[in-house]
Amino acid sequence: MRPLFQRFPFLHIPRRWVSQSSRSAPVRSWKETVSKNKKKTLFGASLASGVLLYDSDGAVHNFVDHVYFTSERAGVVAKATARCFYYYKKTLDDPYPDEESRKEALSKCHSQCALITLDALRTNGGIFIKFGQHIGAMTYLLPMEWTETMIPLQDQCPESSIESINEMFISDTGKSIAETFSEFNDVPIGVASLAQVYIAKLRSTGQNVAVKCQHPELKEFIPVDVILTKTVFSLMDRVFPEYPLMWLGDELQSSIYTELDFNKEAENAINTQSYFKKFTKMTALKVPDVIEAHQRILIMEYVEGKRLDNIEFIDSNRISRVEVSSCLSHIFSNMIFTPNVGLHCDPHGGNLAIRPVTPTSNNPHNFEIILFDHGLYRFPETQMRRDYARFWLALLDQDQDKMRFYAKRFANINDEQFPLFAAAITGRSIDVALHYDISTRRSKEEISSMTSRFMDGEFLPDLMSILSRIPRIVLLILKTNDLTRYLDESLHNPLGPERTFLIMTQYCSKTVYGEDCEQNDNINGRWTLRWTLTYIMNWIRYERRRNQLFLYDTILWYHQFISRMWNVL
């Protein structure tokens with residue numbers, strides 16, 4: 001066998017490059033040389049084998065790519081988290097000459113860390129975009145520097161390529177896009193953090209449809225991303241124990257997998273559509289028909305509309321803002337307070353639309369409210385709904401003792417936390433919440449006062465402590481309340497919030513009436529004198545609540561009639 005350097009001449013070392021000491025060293029046998037360089041030889045062989053497998057074996061190729069990209073995503077999170085922790089610890093630990101200087105430094109730290117986080121969320125995409133959108137919506141909890149920095153994530157979600165969408169179509173349905181649709185607009189009409197929506201025409205029927213497609217890469221990275229986000233919250237809990245945020249990580253984990261199952265979303269949409277058919281006169285609700293559903297692909301009836309906060313569109317189509325506000329109240333009050341009905345927990349502006357229609361006997365309104373995205377639903381326990389209903393009735397009656405009692409039952413809070421909880425659930429200042437007047441709107445001064453007290457840190461630790469204690473379903477109800485309250489306020493309802501609360505009172509009283517009748521049946525024998533008297537008293541209380549709205553509308557109609565008569569005269 002020829003020496004190695006003769007077979008590979010580039011390994012030959014000229015004798016003139018060898019030092020005198022090396023020339024005099026004893027010559028080792030090839031066995032000794034191999035033994036000495038065993039580790040290097042094994043490493044080289046392993047590396048060469050790995051390269052060959054990576055190029056030739058698809059499974060190995062995908063595994064290596066997954067490990068690499070996972071490490072990269074973890075590195076982005078770790079770097080951003082470390083930088084934010086460093087800046088906050090430094091800012092909070094530094095001495096300041098006065099409180100004003102401390103607030104200014106903290107504000108700069110908020111802005112700096114929010115920008116670092118925004119860059120990391122954009123880099124990783126997917127669930128991190130969803131997380132950033134949650135941050136942007138938490139205006140009642142987080143500093144303004146954070147919520148405003150996250151605003152771009154509402155409309156600037158990364159778009160998946162049409163090629164990757166087509167591959168997912170073939171994988172999930174067995175057909176390509178071209179085989180399924182005779183027309184398919186490659187440009188999505190909407191791109192969200194978890195999915196994007198296209199307009200297409202079914203090849204089988206010619207019907208125009210909306211095609212919701214999950215971002216293909218989510219399947220690979222969601223488990224890792226959930227672990228990463230929970231790890232960050234866990235670290236925050238250790239570094240800043242006075243600001244507990246583990247509840248947010250828990251809620252994100254429990255909701256994200258539900259939202260990623262489009263079969264479940266289709267089921268929720270069908271059930272909601274079926275249930276609300278008998279309430280169309282009160283709600284004007286339209287849920288698009290489900291045509292076909294898969295784990296990551298959902299094909300639905302295409303229904304076009306404008307955002308509910310598009311006042312110009314509503315007014316130009318002669319749609320009554322009062323009626324729209326009333327219908328919204330009927331929809332979500334029915335969902336929240338009626339036992340066994342699913343609650344849509346993500347009714348933000350992008351998931352609700354309105355379109356003009358011709359009134360019919362089934363829908364006397366000249367509009368329809370379209371409800372999209374049925375991925376995140378919850379089913380609160382019946383007793384929790386009843387306690388929540390009694391809380392609102394006590395609040396509207398300004399009965400603080402009953403408010404406190406039922407708040408402690410359904411929200412798991414204590415007496416000290418009750419005033420702040422009442423403010424959070426009503427969206428009003430503490431004084432207004434404890435002495436509630438449904439006829440008053442939130443003034444700019446009231447909103448400004450509450451915002452400044454949160455930004456100054458007066459309420460923030462206490463509110464975070466409350467949110468960490470209350471059940472997750474109550475958090476979602478609070479979120480739904482906040483979103484529907486915002487939509488109602490954006491309509492600039494000329495009647496104010498009074499009629500909205502009277503509508504909610506009807507559903508609260510119906511829920512309470514059902515519990516009272518159930519308790520009466522359990523305690524008293526049916527058709528006994530005591531049972532009959534109790535039943536009559538329960539019915540009178542229910543009718544008194546239910547007829548408040550009728551009296552209000554009658555008085556309103558009378559005032560409007562008199563006003564029109566004066567104008568004619």
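Every value quoted in this text rests on a predicted model; they were computed, and no experiment measured them. Numbers for residues simply follow the sequence, beginning at 1.
Applying the side-chain contact (heavy atoms from CB on, under 4.5 Å) rule to S329 yields the partners S333, T500, I503; only residues at least two apart in sequence or on another chain are considered. Residues satisfying the side-chain hydrogen bond (donor to acceptor under 3.5 Å, both in side chains) test with N414, not counting sequence neighbours, are none. For E159, the side-chain contact (heavy atoms from CB on, under 4.5 Å) criterion is met by P188, V191, Q196, not counting sequence neighbours. Residues that satisfy the ring pair (Phe, Tyr, Trp, His ring centres under 6.0 Å) test with Y302, not counting sequence neighbours, are absent from this structure. Residues passing the side-chain hydrogen bond (donor to acceptor under 3.5 Å, both in side chains) test with Y507, sequence neighbours excluded: H330. Checked against side-chain hydrogen bond (donor to acceptor under 3.5 Å, both in side chains), D309 has the following partners two or more places apart in sequence or in another chain: R307. For K306, the side-chain contact (heavy atoms from CB on, under 4.5 Å) criterion is met by N310, F313, not counting sequence neighbours. For T91, there are no side-chain hydrogen bond (donor to acceptor under 3.5 Å, both in side chains) partners two or more places apart in sequence or in a different chain. Looking at residues two or more places apart in sequence or on another chain, you find no salt bridge (charged side-chain N to carboxylate O under 4.0 Å, His left out) involving D119. Here F418 pairs with nothing under the ring pair (Phe, Tyr, Trp, His ring centres under 6.0 Å) rule; sequence neighbours left out. Looking at residues two or more places apart in sequence or on another chain, you find a side-chain contact (heavy atoms from CB on, under 4.5 Å) between A411 and I413, F421, I470.
When all heavy atoms are compared, the tightest approach of S160 to Y198 is O-OH, 4.0 Å. Scanning all heavy atoms of the two residues, the minimum distance from A269 to V287 falls at O-CG1, 3.6 Å. Closest of all the heavy-atom pairs between I477 and M384 is CD1-CE, 3.3 Å. A pairwise comparison of heavy atoms in F169 and C213 identifies CE1-SG, 3.9 Å as the closest pair. Nearest heavy-atom pair, L121 versus G132, reported as atom, atom and distance to 0.1 Å: CD1-CA, 3.6 Å. Residue T149 comes nearest to L118 through the heavy atom pair O-CD2, 3.6 Å, listed as atom of the first residue, atom of the second, then distance.
The backbone N or O of H374 lies less than 3.5 Å from a partner atom in the side chain of N268, making a donor-acceptor pair. For the pair H344 (side chain) and F372 (backbone), a donor-acceptor distance under 3.5 Å is present. Side-chain N or O atoms of S325 include none that pairs as donor or acceptor with a backbone N or O of R321 at under 3.5 Å. Within the 3.5 Å criterion, the main-chain N or O of L260 finds a donor-acceptor partner in the side chain of Q214.
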Worked verdict on E99 versus R102 for salt bridge (charged side-chain N to carboxylate O under 4.0 Å, His left out): CA-CA 5 Å; E99 185 62 23; R102 179 183 177 279; 3.6 Å; yes

Donor-acceptor list for residues 107-115 side chains, cut-off 3.5 Å, not counting sequence neighbours:
unit_1	atom_1	unit_2	atom_2	d
S107	OG	E145	OE2	2.5
H110	ND1	Y88	OH	2.6
S111	OG	S107	O	3.2

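A heavy-atom distance below 4.5 Å is not found between the side chains of Y388 and V474.
Side chain to side chain, E267 and N263 fail the donor-acceptor criterion of an N or O pair below 3.5 Å.
Rounding to the nearest 0.5 angstrom, the gap separating the CZ atom in R378 from the CD1 atom in I336 is 14.5 Å.
Centroid-to-centroid, the aromatic rings of W392 and Y406 stay 6.0 Å apart or farther.
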